[in-house]
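A quick write-up on the structure given underneath.
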Amino acid sequence: MSSLPTKYTVGDYLAERLAQIGIRHHFVVPGDYNLVLLDKLQANPNLTEVGCANELNCSLAAEGYARANGVSACVVTFSVGALSAFNGTGSAYAENLPLILISGSPNTNDASQFHLLHHTLGTTDYSYQLEMAKKITCCAVAVARAHEAPRLIDRAIRHALLARKPCYIEIPTNLSGAECVRPGPISAVTDPVTSDKAALEAAANCASEYLSGKLKPVILVGPKLRRAGDGAEQALIKLAEAMGCAVAVQPAAKGMFPEDHKQFVGIFWGTVSTDAADSIVHWADALLCVGTAFTDYSTVGWTAMPDIPLMAAEMDHVTFPGAHFSRVRLGEFLSHLATTVKFNNSTMIEYNRLKPDPVLVRTATPSDELTRKEISRQIQALLDSKTTLFVETGDSWFNGVQLKLPPGALFEIEMAWGHIGWSIPAAFGYALRHPDRKIIVMVGDGSFQVTAQEVSQMVRFNLPITIVLINNRGYTIEVEIHDGSYNKIKNWNYALLVQAFNGEDGNAKGLTAKTAGELRDAIKAAEENTKGPTLIECSIDQDDCSRELITWGHFVAAANARPPRLPGV
Ligand code: TPU
Ligand code: MG
């Protein structure tokens, strides 16, 4: 193991900053513009380099690592690498994750000498990648001289950490090894911006006053609650208990409020809500939205947008009907409000009256043909306090959202960006940070085909991830939105493919299940395989999809098909 350098280069500086902000693994694909930089990162004893099969997967693995670790880094080469990694960077932007995208770039002499270079557009302007990165990050910098690197690197990382968004750092191939000064105290980069005391006080008072004038308050939790950090999730539990009201959760925030809490009233997803959460949300006369995100998907094609004025508590500000307060941190706001708010459990009393009875789930006999419901029933039995469940775009969203999370179980979904194939590299990145968690991925056949290669990294790092691949022979979610021959795909032998990734030394298992009994046996085999991933291909009927997906698909299709509204008409 090498030790920290006494003389710093740009590469050493970056490596030390990455390690200081808590990154232990950085995801890479090498290319000649970043090789010296990779050497420098490798030399840092606190960083482990993780090679990926391609840059799309690399960026999505870093996206998953950021979910587990709070921040991540992805290192790629110029253009051929970076343009692919922009996709996972876009995901990190939409999902509010600080992913640091680092790209090698041409030698600093080439632009001024009008040299044509490989991995470029064949013009002599090399600024295009930086310009593109500006649109999908909160801060994009290109180091042009070594002495500027400390300032630019610190600035980009600080912006990303504060905004919970990705940043971009471009380092020319001949500057990674160039000398620069040593890093100053890391607190200059990581120290949080705290709330403005006056604004915090005023916001909490305003909220208490507003809520005390209402009869039926409900809290709606959204995905930015966890992203806010600052103990916001714990603070929300305290606030909910102080208010005594019903707490509904958006699908992308599943698990961010404990599902075994007596005030949890289900997932609010319009007409496809669980446990009738929609009936109580639509009954409310005050809705405290905590880190919510209302999109066409989360509102079921705009059919479930609440129609009362919303109180929105965001990561760094709060907006109420008639008032706005900037620089109020979410965790601090929720904690403060918990001490001033009035108890009013009217929505809980009502909810307990209209709460649906638990549905009895039929257990299939071992010889029964496998169905979607039986797959869900068996996955439900697997969930425990150590589980993190990844659910992929497709019917897996709907099946996953309906499962009940026991205390401690976590749930990951990429609903804002919705990139099919996300779950495989993201679960891989996540697992490196949390090897102690039991990771289960629910993924459709179409999604799996996008990023299947990254299973080979799960094999390489001996990660016992269980992949439940639901093979319904095509893009069913798309069928429900708009059908066509393009929704049919080539079938693969998925179990065999995964075994191929073993090469001469891997421990991956690929299994198939066509009946309930075969799935039960396959799950048992997956639990016994502690040295590598297990993929279980579950074959189900093409028409076996959730009622929720069909309903949601119809409304989303209607929203997509709205005719253009011409100005003035
Ligand atoms: O359960 P099921 O059959 O719906 O899932 P599967 O088999 O994974 O199919 C997913 C189909 C799908 C597509 C093609 N869902 N969304 N899309 C559109 C899409 C295209 N390209 C990317 C990168 N992401 C997308 N969401
Ligand atoms: Mg499918």
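Just follow the structure's listing: the first ligand is 1, and inside any ligand the first atom is 1. Values below: every heavy atom of this structure, side chains too, minus hydrogens, waters and symmetry copies.
- For Asp445, the N, O or S atom with the smallest separation from the Mg ion (ligand 2) is OD1.
- Around atom 20 (C) of ligand 1, the closest heavy atom drawn from Thr393, Ile420, Asn87 belongs to Ile420.
- Not a single heavy atom of Ile470 sits under 4.0 Å from any atom of ligand 1.
- Relative orientation of the Phe428 and Phe461 rings is tilted, given thresholds of 30° and 60° on the angle between their planes.
- The one candidate from Leu220, Leu225, Ile267, Val221 that meets the side-chain contact (heavy atoms from CB on, under 4.5 Å) condition with Gln250 is Leu220.
- Salt-bridge check for Lys438 with Asp384: passed, with a basic side-chain N closer than 4.0 Å to an acidic carboxylate O.
- Salt-bridge formation is not detected for the pair Lys524/Glu527: no Lys NZ or Arg NE/NH1/NH2 atom is positioned less than 4.0 Å from an Asp or Glu carboxylate oxygen.
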*Can you list the steps and then say if Ile157 with Ile169 is a side-chain contact (heavy atoms from CB on, under 4.5 Å)?*
CA-CA 9 Å; Ile157 296 177; Ile169 301 172; 4.3 Å; yes
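- At a 3.5 angstrom cut-off on N or O pairs, Gly446 counts as close to ligand 1.
- Each of the atoms 1 (O), 2 (P), 3 (O) of ligand 1 lies under 4.0 Å from some heavy atom of Asn472.
- In terms of polar-atom proximity, Gly474 is counted as a contact of ligand 1, with an N or O under 3.5 Å from an N or O of the ligand.
- Closest heavy-atom approach to atom 7 (O) of ligand 1 within the set Leu56, Asn471, Ile489, Asp445: this belongs to Asp445.
- Counting atoms of ligand 1 from 1 in the listed order, those under 4.0 Å from a heavy atom of His419 are 23 (C), 24 (N).
- When each of Arg226, Lys165, Arg164 is paired with Asn96, the side-chain hydrogen bond (donor to acceptor under 3.5 Å, both in side chains) condition holds for Lys165 and for no other.
- Take the Mg ion (ligand 2) as the corner point: the lines to O of Gly474 and to OD1 of Asn472 open at 100°, to the nearest 10 degrees.
- Taking a cutoff of 4.0 Å between a charged side-chain nitrogen and a carboxylate oxygen, Arg67 and Glu412 qualify as a salt bridge.
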